[in-house]
Amino acid sequence: MVYPIPPEDNLPQKFPKIPLDRRAYAFLIDFASIWFLSSFANSSPVLQFFLFLLIWWCLRVLLVAQNQGQSLGRWALDMKIIDLQLQRLPGILELSKREAIAGGGAALMMVGLNTFFGNPLSLILLSSPLFADCGMAIGDEQLNRAFHDRIGGTIVIPTRRGFSLDLRLRRLWYQIKGRMRR
């Protein structure tokens with residue numbers, strides 16, 4: 001069942017925005033871990049592509065459904081996904097619609113990165129669907145929703161449950177920087 005997306009001015013509640021760089025880092029953590037796992041099937045690029053999509057679906061749909069709306073990257077950076085209309089964890093169907101778009105773009109980008117040294121233009125061409133999808137979040141000033149968020153009817157919000165990797169790295173950086181000044 002497709003829920004109508006409410007107009008931006010009729011949102012049920014004001015949600016805090018997640019900065020785009022934090023969303024990008026969480027996506028990068030998920031992408032790198034799934035790319036690493038799928039790289040064990042390097043005998044066939046087609047097998048690696050489908051293995052990437054399968055692992056993507058398992059980690060970004062099944063794990064999110066069981067882990068209170070958090071994937072590995074979102075858990076590391078204290079974020080979670082909720083359904084915008086119902087204001088609760090989205091169902092498997094909504095997560096699958098959302099991640100079919102994001103995962104397809106990520107899989108194409110993986111293929112582009114795998115063939116980067118042989119053909120650098122392929123990286124640009126194969127990454128463009130993912131950049132177009134995520135680029136819509138730049139234009140959405142109220143909620144920073146990408147195209148896959150709009151299709152899935154979801155939003156990414158901050159949570160207190162997580163590892164706070166960004167805060168820990170920032171604190172470590174300031175400690176190292178302070179020791180270098182002495």
Side-chain angles (χ1 to χ4, degrees), residues 13-40 42 48 52 55-82 84 89-90 95 98-99 101-117 120 123-124 126-150 152 154-182:
Q13 176 184 353
K14 295 286 183 183
F15 293 105
K17 284 172 50 170
I18 297 283
L20 291 176
D21 60 339
R22 282 185 65 209
R23 286 189 67 178
Y25 294 143
F27 187 88
L28 183 64
I29 290 169
D30 289 339
F31 177 79
S33 60
I34 294 169
W35 187 17
F36 174 74
L37 290 174
S38 69
S39 68
F40 291 117
N42 61 0
Q48 184 180 8
F52 182 91
I55 296 171
W56 185 274
W57 187 79
C58 290
L59 292 181
R60 299 269 298 199
V61 174
L62 292 180
L63 180 69
V64 168
Q66 297 298 318
N67 194 26
Q68 299 177 15
Q70 293 180 311
S71 65
L72 177 65
R74 285 190 217 103
W75 173 80
L77 297 175
D78 303 330
M79 296 181 253
K80 72 177 184 177
I81 295 177
I82 63 168
L84 187 59
L89 185 67
L95 286 171
R98 178 185 197 279
E99 295 305 329
I101 296 168
L108 289 174
M109 186 171 178
M110 181 218 31
V111 171
L113 286 169
N114 284 343
T115 61
F116 173 69
F117 294 109
L123 175 62
I124 296 169
L126 292 172
S127 299
S128 59
L130 182 63
F131 290 141
D133 170 29
C134 296
M136 285 187 70
I138 296 170
D140 186 4
E141 298 201 8
Q142 188 175 7
L143 296 174
N144 285 350
R145 292 192 317 159
F147 181 68
H148 60 269
D149 289 321
R150 293 173 188 266
T154 59
I155 185 172
V156 180
I157 61 169
T159 184
R160 292 184 183 174
R161 180 182 182 269
F163 187 68
S164 304
L165 180 65
D166 54 337
L167 300 177
R168 291 173 191 238
L169 289 176
R170 187 178 305 143
R171 188 176 359 182
L172 179 66
W173 171 253
Y174 287 133
Q175 287 175 352
I176 292 170
K177 194 174 172 183
R179 289 182 186 157
M180 291 177 71
R181 289 184 185 173
R182 293 180 193 171

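For S39, the side-chain hydrogen bond (donor to acceptor under 3.5 Å, both in side chains) criterion is met by no residue, not counting sequence neighbours. Under the rule for a salt bridge (Lys or Arg N to Asp or Glu O under 4.0 Å), the partners of D166 that lie at least two apart in sequence or sit in another chain are R22. For E99, the side-chain hydrogen bond (donor to acceptor under 3.5 Å, both in side chains) test picks out W56, R60, with sequence neighbours left out. With sequence neighbours excluded, the residues satisfying side-chain contact (heavy atoms from CB on, under 4.5 Å) with L37 are I55, L59. Every side-chain contact (heavy atoms from CB on, under 4.5 Å) that Y25 has, sequence neighbours left out, goes to D21, L77. With sequence neighbours excluded, the residues satisfying side-chain contact (heavy atoms from CB on, under 4.5 Å) with I138 are L20. For the side-chain contact (heavy atoms from CB on, under 4.5 Å) test, no residue two or more places apart in sequence or in another chain qualifies with E141. Not a single side-chain hydrogen bond (donor to acceptor under 3.5 Å, both in side chains) links R168 to another residue, sequence neighbours left out. In this view, N114 and W35, Q48 satisfy the side-chain hydrogen bond (donor to acceptor under 3.5 Å, both in side chains) rule, not counting sequence neighbours. For F36, the ring pair (Phe, Tyr, Trp, His ring centres under 6.0 Å) partners two or more places apart in sequence, or in a different chain, are F40. Residues satisfying the ring pair (Phe, Tyr, Trp, His ring centres under 6.0 Å) test with Y174, not counting sequence neighbours, are none.
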Give the table of side-chain donor-acceptor pairs shorter than 3.5 Å for residues 154-165, with sequence neighbours excluded, one pair per line with atom names and distance.
from	atom 1	to	atom 2	distance (Å)
T154	OG1	R98	NE	2.9
T154	OG1	D149	OD1	3.4
T159	OG1	R161	N	3.4
R161	NE	Q68	OE1	3.3
R161	NH1	N67	O	3.4
R161	NH1	N67	OD1	3.3
R161	NH1	Q70	OE1	2.3
R161	NH2	N67	OD1	2.8
S164	OG	D78	OD2	2.5

